[in-house]
Amino acid sequence: MSQPRRFHLDRAADVTGVSGTGRVADGVRWPDGTVSIRWRGERPSTVFWESLADAEAVHGHGGHTRIVWDDPAPATAGECPHCPDGHMPADQGSQPWGAYVGPERDGDGQPIRVYVERAGGAHVAESDAQWIQARLNGADQQ
């Protein structure tokens, strides 16, 4: 990566009762892979991490906080014709899968959606959805 890339943290549920929900912080992933995060709210602060994965491990709260990229992914020529940054198989790569309960509710106020996504805003493909669906439906246990 040769340019900084901006993102923000979007929190579906505030498990600690400190940051609130919605857009709780703004961040930058720097060309060397380090990350700066500036927290919003009554007591704003800035923290620095060696990697986005490290920041997500502490601030992700088990999938309740997701990383939303504000800048487009930089293109890398010549790897995957469909994925500018070279798509990894669903069971490989450095960015693990995360899941969180979405804000959508039924008439009784119960959650109705679970979102599954790659950490750090990594893109996904139809093959990823097929891989996940097979595991959820037990196809990998036959």
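All values below come from the heavy atoms of this structure, side chains included, with hydrogens, waters and symmetry mates left out. Nothing here was measured: the structure is a model prediction, and the numbers come from that model.
Between F7 and L52, the closest heavy-atom pair is CZ-CD1, 3.8 Å. Taking every heavy atom of both residues into account, V116 and W97 meet most closely at CG1-CE3, 3.8 Å.
Note that CZ of R23 is 9.0 Å distant from CG of D10, once rounded to the nearest 0.5 Å. With rounding to the nearest 0.5 Å, the separation of CG in L9 from CH2 in W39 is 5.0 Å.
Around CD of E42, the count of heavy atoms belonging to other residues, nucleotides or ligands within 6.0 Å does not exceed 12.
The pair R6-D71 counts as a salt bridge, with a side-chain nitrogen and a carboxylate oxygen less than 4.0 angstrom apart. Remark: R38 does not engage D26 in a salt bridge, criterion side-chain N to carboxylate O under 4.0 Å.
Under the 4.5 Å side-chain heavy-atom criterion for Ile, Leu, Val, Met, Phe, Trp and Tyr, V35 and F48 are members of distinct hydrophobic clusters. Residues I37 and V68 are members of separate hydrophobic clusters, defined by side-chain heavy-atom contacts under 4.5 angstrom among Ile, Leu, Val, Met, Phe, Trp and Tyr.
Between R105 and P111, the closest side-chain pair of non-hydrogen atoms falls below 4.5 Å.
At distances below 3.5 Å, not a single donor-acceptor pair connects side-chain atoms of D108 with backbone N or O atoms of Q110.
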